[in-house]
Every structure is written in C-alpha cells, then in structure tokens.
Trainee: 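Just passing along the structure, written as structure tokens.
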Amino acid sequence: MNFQKIKIPAEGTKIKIVNGKPQIPDQPIIPYIEGDGIGRDITRAMKTVVDDAVSKAYKGKRKISWMEIFAGEKANQLYGNYLPDETIDALKEYIISIKGPLTTPVGQGFRSLNVSIRQILDLYACVRPVRYFSGTPSPLLRPDLMDIVLFRENTEDVYAGIEWEAGSPDANEIVRYINQNYGFSIREDSGIGIKPMSEFASRRLMRKGIEYAIANNRKSVTIVHKGNIMKFTEGAFNNWCKKEAAENFRDWIVTEDELYSMYDGKLPDGKILVNDRIADSMFQQLLLRPSEYDVLVTPNLNGDYLSDSAAAMVGGLGMAPGSNIGDYLAVFEATHGTAPKYADQDKVNPGSLILSSVLMLRYMGWIEAADMIEKGVGAAITGKKVTYDLARQIENAVEVKTSEFAAEICKNM
C-alpha cells in the first residue's frame with residue numbers, strides 16, 4: 001500500500017493473520033501515533049523503554065521497527081484532517097499499534113478521535129488491567145488487594161454517538177414523535193440521545209472476558225450493569241452475558257447460585273465464578289472488598305467510570321494502561337488526556353503509555369520484555385525516583401523528568 005505522508009520503515013515485516021491470530025515476526029513494523037500535548041514526551045519515553053527491554057530480553061534477535069502515523073493536531077497540520085483515511089488504513093494493515101492521548105473538545109467540535117478509531121476498526125473490547133505497584137501513593141489502606149482486568153464494551157451504549165442537540169429540528173421531531181406515540185412527557189427543550197445495546201456485542205465481549213479468565217487463571221468474571229433501572233438495555237446486557245457463559249463455557253463456569261447451592265460457597269478448582277453486580281454498588285465493592293473481584297465485564301459508560309475510578313485507587317491514570325482489541329486488530333493507548341499546559345516540558349508521568357506497551361508486548365507474545373518493563377517500573381517507584389505527580393505524594397522522593405524516569409526504568413530492568 002502506498003501512503004501519502006506515512007513513511008514505511010526500510011527494515012521490518014508486517015504482522016500477518018494466520019488462522020485468525022496475529023503471527024509476529026522477529027522485526028515487526030509497529031505503527032505509533034505520537035498524540036497531542038504531552039503525547040510527544042511520553043511517546044518518546046515509551047519507545048526508549050520498549051527498545052531497551054526488547055534489546056536486553058532477546059539480545060538482538062528481535063527488534064521493533066517503529067512507523068509513525070498521524071491523528072489529532074499533527075494530522076490536521078499535515079492533512080487538514082484530524083483522522084486521515086490513510087491512518088485508518090495503516091492501523092488495519094499493520095494489525096498492532098500504540099497511541100498517545102488525542103485532543104477531544106468538550107460539548108462542541110468533532111467527536112472523540114479515540115471513540116472513532118475504536119468504532120471504525122470494531123475494536124469492541126476496551127481492556128484495562130488495574131493493579132498496584134508497591135510504593136505508589138494511594139488513598140486506600142490496602143491498594144495491593146486491587147488486581148482486576150476490566151473488559152468494557154467499546155462500540156455501543158451512549159458512545160454510539162446517536163444524539164441530537166436540544167432545539168434542533170431533528171430533536172424536536174423525535175420528542176414530538178415519542179410523546180405522541182408512546183405516551184411519554186419529554187420536555188420540548190431536551191437534547192436527545194439513543195442508547196443501543198445488542199445481544200451480538202454483549203455476548204462477544206463476555207466471550208472475550210471469559211477466554212481471558214481461562215487463559216490467565218482468573219477465578220471470577222463479574223458482569224457490571226444498571227439493569228435494575230434500564231431493564232431492556234443494561235438488564236439485557238446482563239442476561240446476554242450470562243447466556244453466552246451458559247451456552248459456550250458451561251464446563252468452565254459456576255454461577256453464584258450454584259456456588260452456594262452446590263459447593264457450599266467454595267469455588268471448585270479449575271472453575272470460574274460468573275456473577276453480576278449493580279454498577280453503583282460495584283464502586284463501593286472495589287473500595288471495600290477489592291480482593292473479591294477479578295475480571296469485570298461492563299457496558300461502555302459503566303466501564304469508563306469504573307476503570308478511571310479503579311485507577312485512582314492504585315495511583316491514578318498516570319499509572320493506568322489501556323488497550324482496544326477486536327477479533328485480532330489491537331490499538332494500545334495511554335488512558336489519560338493531553339494535558340497541553342505540560343506539553344514539551346519533559347515533566348509528566350509516562351507510566352500509562354509505558355504500561356500500555358507492556359500489554360502490547362504480551363499481546364505479541366513477547367513476555368520476557370513485558371516482564372522486564374514491569375519490574376523496571378516497580379523498581380523505579382520503590383527507589384523513589386519518579387515524576388512530579390508521584391514525587392509530591394511520596395516522602396523523600398526525588399523528582400525526575402519524563403525522560404529521566406524512562407532511563408530509571410531501563411536501569412532497573
């Protein structure tokens with residue numbers, strides 16, 4: 001494929017799909033989107049750490065060929081478009097990629113580029129692990145008890161973007177239609193949004209969550225929903241997820257009812273507990289009883305709230321990795337915003353994007369390099385050489401720059 005602005009590396013090989021799974025060469029071409037604002041600083045740090053880990057882990061036998069592609073403000077300068085077609089084409093063709101944060105206006109302007117990428121590529125599972133690194137400041141007494149992996153549905157719910165501005169002809173028409181035909185009393189000055197949730201999308205997300213639990217020896221999969229109020233969307237999500245578990249994973253799973261009626265509350269070895277929790281209750285559960293939860297499967301909006309809240313409990317979004325995965329396409333990303341006031345100051349915490357690269361390396365099967373980075377991050381924190389956001393909360397910490405934090409991680413690998 002010929003690109004207008006993207007420069008394909010002289011060395012490296014495309015990742016291919018074989019039998020429905022990515023086949024990773026020893027020198028894969030990995031596209032990256034630098035991101036807006038602080039994206040420039042943290043992407044540079046991430047690449048430094050990944051290259052060093054791969055070099056140390058594989059002694060030159062493996063290497064990543066990085067290929068910059070464009071979205072956000074940099075893309076608009078190059079193409080006059082915040083999300084160019086050739087960026088989407090590159091994400092599809094090269095299978096696995098990683099990105100920094102991208103600008104999204106609030107309440108006006110273009111829609112979220114992050115959401116657009118997920119929907120265009122059908123990256124239906126937003127996978128967000130949340131775990132604690134010793135020494136990280138936390139508001140919890142026992143943050144070490146938090147070790148969850150959150151599977152958030154990425155394509156439906158209110159994020160589908162089906163909405164109309166209050167007072168617009170379309171909104172007025174929809175309000176009139178609903179009030180006249182269904183007996184509701186929606187106020188005429190209302191903005192209108194539609195919340196679609198399907199059996200297809202719900203079941204495939206649950207399938208991915210259970211497959212992850214099986215592959216990683218996780219003990220429970222909890223469906224998080226607000227089905228007590230929204231019975232035909234979130235309530236249906238709960239029912240469809242349980243249907244998927246019962247029909248396709250019966251030999252693997254135990255329901256909560258079965259746990260107590262058949263097993264006296266003790267999960268049998270090799271089994272996975274499937275249960276559900278109301279969304280608002282789940283917030284207090286993660287605060288009070290985090291060790292009881294393992295894999296969470298959630299609709300889009302609930303997952304957005306819960307993943308950020310859980311990240312705060314173990315040190316904040318600066319230490320929270322993220323990934324968006326489809327049937328095989330995957331885009332790994334920083335989970336925080338662009339923080340433009342800190343752009344180009346070599347100041348902010350690159351932990352989120354660096355830990356997202358760990359998820360990427362694990363997805364590629366490069367486990368040794370992933371483990372080295374995690375150990376390097378943990379050692380940098382316990383050694384108290386950290387960026388300002390952590391240094392101001394850790395007694396006797398030494399504040400270091402973004403690039404210096406990356407160097408400290410490398411030194412400790």
Side-chain angles (χ1 to χ4, degrees), residues 3-9 29-54 64-84 86-88 90-91 94 96-106 109-110 112-114 116-117 316-324 331-361 373 376-377 380 386-391 399-410:
F3 294 116
Q4 179 185 356
K5 303 289 185 182
I6 297 170
K7 295 180 180 179
I8 300 173
I29 297 173
I30 301 293
Y32 71 94
I33 296 170
E34 187 178 68
D36 298 325
I38 59 172
R40 294 183 286 275
D41 291 330
I42 66 172
T43 298
R44 187 163 50 247
M46 177 274 296
K47 290 170 61 186
T48 296
V49 170
V50 171
D51 287 343
D52 193 56
V54 170
I64 288 177
S65 291
W66 298 103
M67 181 176 76
E68 185 173 11
I69 63 176
F70 307 98
E73 293 169 355
K74 197 169 185 178
N76 193 44
Q77 292 170 4
L78 288 170
Y79 300 85
N81 184 345
Y82 284 90
L83 187 58
E86 74 173 21
T87 294
I88 296 298
L91 291 171
Y94 288 87
I96 294 172
S97 54
I98 190 165
K99 58 177 280 296
L102 295 171
T103 299
T104 300
V106 177
F110 55 85
S112 166
L113 299 176
N114 300 316
S116 296
I117 289 170
L317 286 175
M319 297 299 296
S323 58
N324 301 284
V331 177
F332 299 83
E333 65 180 359
T335 57
H336 51 71
T338 59
K341 70 178 182 178
Y342 294 121
D344 302 314
Q345 295 182 31
D346 198 21
K347 182 179 178 69
V348 299
N349 186 348
S352 175
L353 193 60
I354 288 172
L355 291 172
S356 294
S357 76
V358 170
L359 301 183
M360 181 183 75
L361 291 168
I373 295 175
V377 170
V386 292
T387 49
Y388 83 98
D389 58 314
L390 299 177
E399 180 179 328
V400 298
K401 298 177 181 179
T402 307
S403 56
E404 292 170 338
F405 186 58
E408 192 67 19
I409 293 169
C410 293

Trainee: Between P321 and L359, which heavy-atom pair has the shortest distance, and what is it?
Mentor: CB-CD1, 3.8 Å
Trainee: Does a side-chain heavy-atom distance below 4.5 Å link E408 with V400?
Mentor: no
Trainee: Taking only residues two or more places apart in sequence, or in another chain, which ones meet D389 in a salt bridge (charged side-chain N to carboxylate O under 4.0 Å, His left out)?
Mentor: none
Trainee: Quick one: CD on E404 to CD on E399, what's the gap to the nearest 0.5 Å?
Mentor: 9.5 Å
Trainee: What is the distance from atom OG1 of T387 to atom CG of N349, rounded to the nearest 0.5 Å?
Mentor: 3.5 Å
Trainee: Indicate yes or no: at least one non-hydrogen side-chain atom of T87 is less than 4.5 angstrom from one of I33.
Mentor: yes
Trainee: Not counting sequence neighbours, which residues clear side chain to side chain contact (heavy atoms under 4.5 Å, CB included) with K47? List them please.
Mentor: Y32, T43, W66
Trainee: Kindly compute the distance separating CD1 (I373) from CD1 (I409), expressed to the nearest 0.5 Å.
Mentor: 8.0 Å
Trainee: Please enumerate all residues that pass salt bridge (charged side-chain N to carboxylate O under 4.0 Å, His left out) together with D41, with sequence neighbours excluded.
Mentor: R44
Trainee: Do you know which two heavy atoms are closest between P350 and F405, and how far apart they sit?
Mentor: CD-CD2, 3.5 Å
Trainee: My understanding is that only residues two or more places apart in sequence, or in another chain, count here; which of them pass side chain to side chain contact (heavy atoms under 4.5 Å, CB included) with A339?
Mentor: I38, Y342
Trainee: Could you work out, with salt bridge (charged side-chain N to carboxylate O under 4.0 Å, His left out) as the rule, every residue matching E86, not counting sequence neighbours?
Mentor: none
Trainee: What pairs with P31 under side chain to side chain contact (heavy atoms under 4.5 Å, CB included), at least two apart in sequence or on another chain?
Mentor: M67, I69, Y94, S97
Trainee: Is there any side-chain hydrogen bond (donor to acceptor under 3.5 Å, both in side chains) pair reaching into residues 350-360, and which pairs are they, with sequence neighbours excluded?
Mentor: T335-S352
Trainee: Would you please name every residue forming a salt bridge (charged side-chain N to carboxylate O under 4.0 Å, His left out) with E34, sequence neighbours left out?
Mentor: K74
Trainee: With sequence neighbours left out, write down each residue that passes side-chain hydrogen bond (donor to acceptor under 3.5 Å, both in side chains) with E73, or none if nothing qualifies.
Mentor: T103
Trainee: State the NE2-CE distance between H336 and M319, to the nearest 0.5 angstrom.
Mentor: 10.5 Å
Trainee: Does V49 reach the side chain of C410, with side-chain heavy atoms less than 4.5 Å apart?
Mentor: yes
Trainee: Mind listing the closest non-hydrogen atom pair of L353 and K99 along with its distance?
Mentor: CD1-O, 3.3 Å
Trainee: Starting at CD1 of I42, measure out to CD1 of I354 and round the result to the nearest 0.5 Å.
Mentor: 8.5 Å
Trainee: Quick one: which of D344, D346, T402 gives a side-chain hydrogen bond (donor to acceptor under 3.5 Å, both in side chains) with R40?
Mentor: D344
Trainee: Residues two or more places apart in sequence or in another chain: which of them pass side-chain hydrogen bond (donor to acceptor under 3.5 Å, both in side chains) with N81?
Mentor: none
Trainee: CG of L361 to CD1 of I30: how many Å apart, nearest 0.5 Å?
Mentor: 8.5 Å
Trainee: Among all residues two or more places apart in sequence or in another chain, which pass the side chain to side chain contact (heavy atoms under 4.5 Å, CB included) test with N76?
Mentor: Y82
Trainee: Which residues satisfy the ring-ring contact (aromatic ring centres under 6.0 Å, His included) test with F332, sequence neighbours excluded?
Mentor: Y363
